[in-house]
Amino acid sequence: MKSYTDLEQIKKLAEILPIETADMWVHPYWDDVPNIGNADLSYNQIPCWSLAALLDILSKTAHSIDEDGSVDLCDYKNIEWSLCLTNTNVGLFTANNPVDVCYQMIIKLNKLNLL
């Protein structure tokens, strides 16, 4: 199961999320797997987000939209994952892994200026 953002997702998220929310980093020239910890941008390290970091961002966002808001991430036999933010009107998203569904939700929240 995919547990962190891929390079395409990293590039987009780095444009919209505070770098401090990333909990991993990659070096674009030689890392195949992200390293745990904060990125040091002076060494060309690129921030990367784990599933846990993405869920934390979504949880805080849901709570800021509605005091009782929360994240509802569900899977159907690890084939399809769905995600919604309860007590919000953001919508329901589906993907074949939890990282992709969280990524889709964050992109949508950014478009709605809710991040």
Quick one: salt bridge (Lys or Arg N to Asp or Glu O under 4.0 Å) partners of K12, sequence neighbours excluded?
E15

Residues two or more places apart in sequence or in another chain: which of them pass side chain to side chain donor-acceptor pair (under 3.5 Å) with D56?
K60

Heavy-atom distance under 4.5 Å between the side chains of L58 and C102, does that happen here?
yes

Are the side chains of L51 and Y4 in touch, meaning some heavy atoms are under 4.5 Å apart?
no

Residues passing the side chain to side chain contact (heavy atoms under 4.5 Å, CB included) test with K2, sequence neighbours excluded, are D6, Q9, N97, V99, D100

What residues form a side chain to side chain donor-acceptor pair (under 3.5 Å) with T21, not counting sequence neighbours?
W49

Nearest heavy-atom pair of I10 and C48: which atoms, and what distance?
CD1-SG, 3.7 Å

Once salt bridge (charged side-chain N to carboxylate O under 4.0 Å, His left out) is applied, what residue pairs with a partner in residues 66-75 remain, sequence neighbours excluded?
none

CG/L85 to OG/S64 distance, rounded to the nearest 0.5 angstrom?
9.5 Å

What's the separation between atom OH in Y103 and atom CG in L13, rounded to the nearest 0.5 Å?
6.0 Å

Can any side-chain N or O of D23 pair as donor or acceptor with the backbone N or O of S50 at less than 3.5 Å?
yes

Apply side chain to side chain contact (heavy atoms under 4.5 Å, CB included) to N89 and list each qualifying residue two or more places apart in sequence or on a separate chain.
none

Run the side chain to side chain donor-acceptor pair (under 3.5 Å) test against S70 and tell me which residues pass, sequence neighbours left out.
T86

Tell me which donor-acceptor pairs under 3.5 Å the side chains of residues 108-115 have, and how far apart each pair is, sequence neighbours excluded?
none

For T61, what residues pass the side chain to side chain donor-acceptor pair (under 3.5 Å) criterion, not counting sequence neighbours?
none

For residues 85-99, pull every pair meeting salt bridge (charged side-chain N to carboxylate O under 4.0 Å, His left out), keeping only residues two or more places apart or in separate chains.
none

Could you tell me which residues satisfy side chain to side chain contact (heavy atoms under 4.5 Å, CB included) with S82, sequence neighbours excluded, listed by chain and number?
C74, L92, T94

Non-hydrogen atoms of I36 and W25 that approach each other most closely
O-NE1, 4.0 Å

Contacts of type side chain to side chain contact (heavy atoms under 4.5 Å, CB included), residue Q104, not counting sequence neighbours:
F93, A95

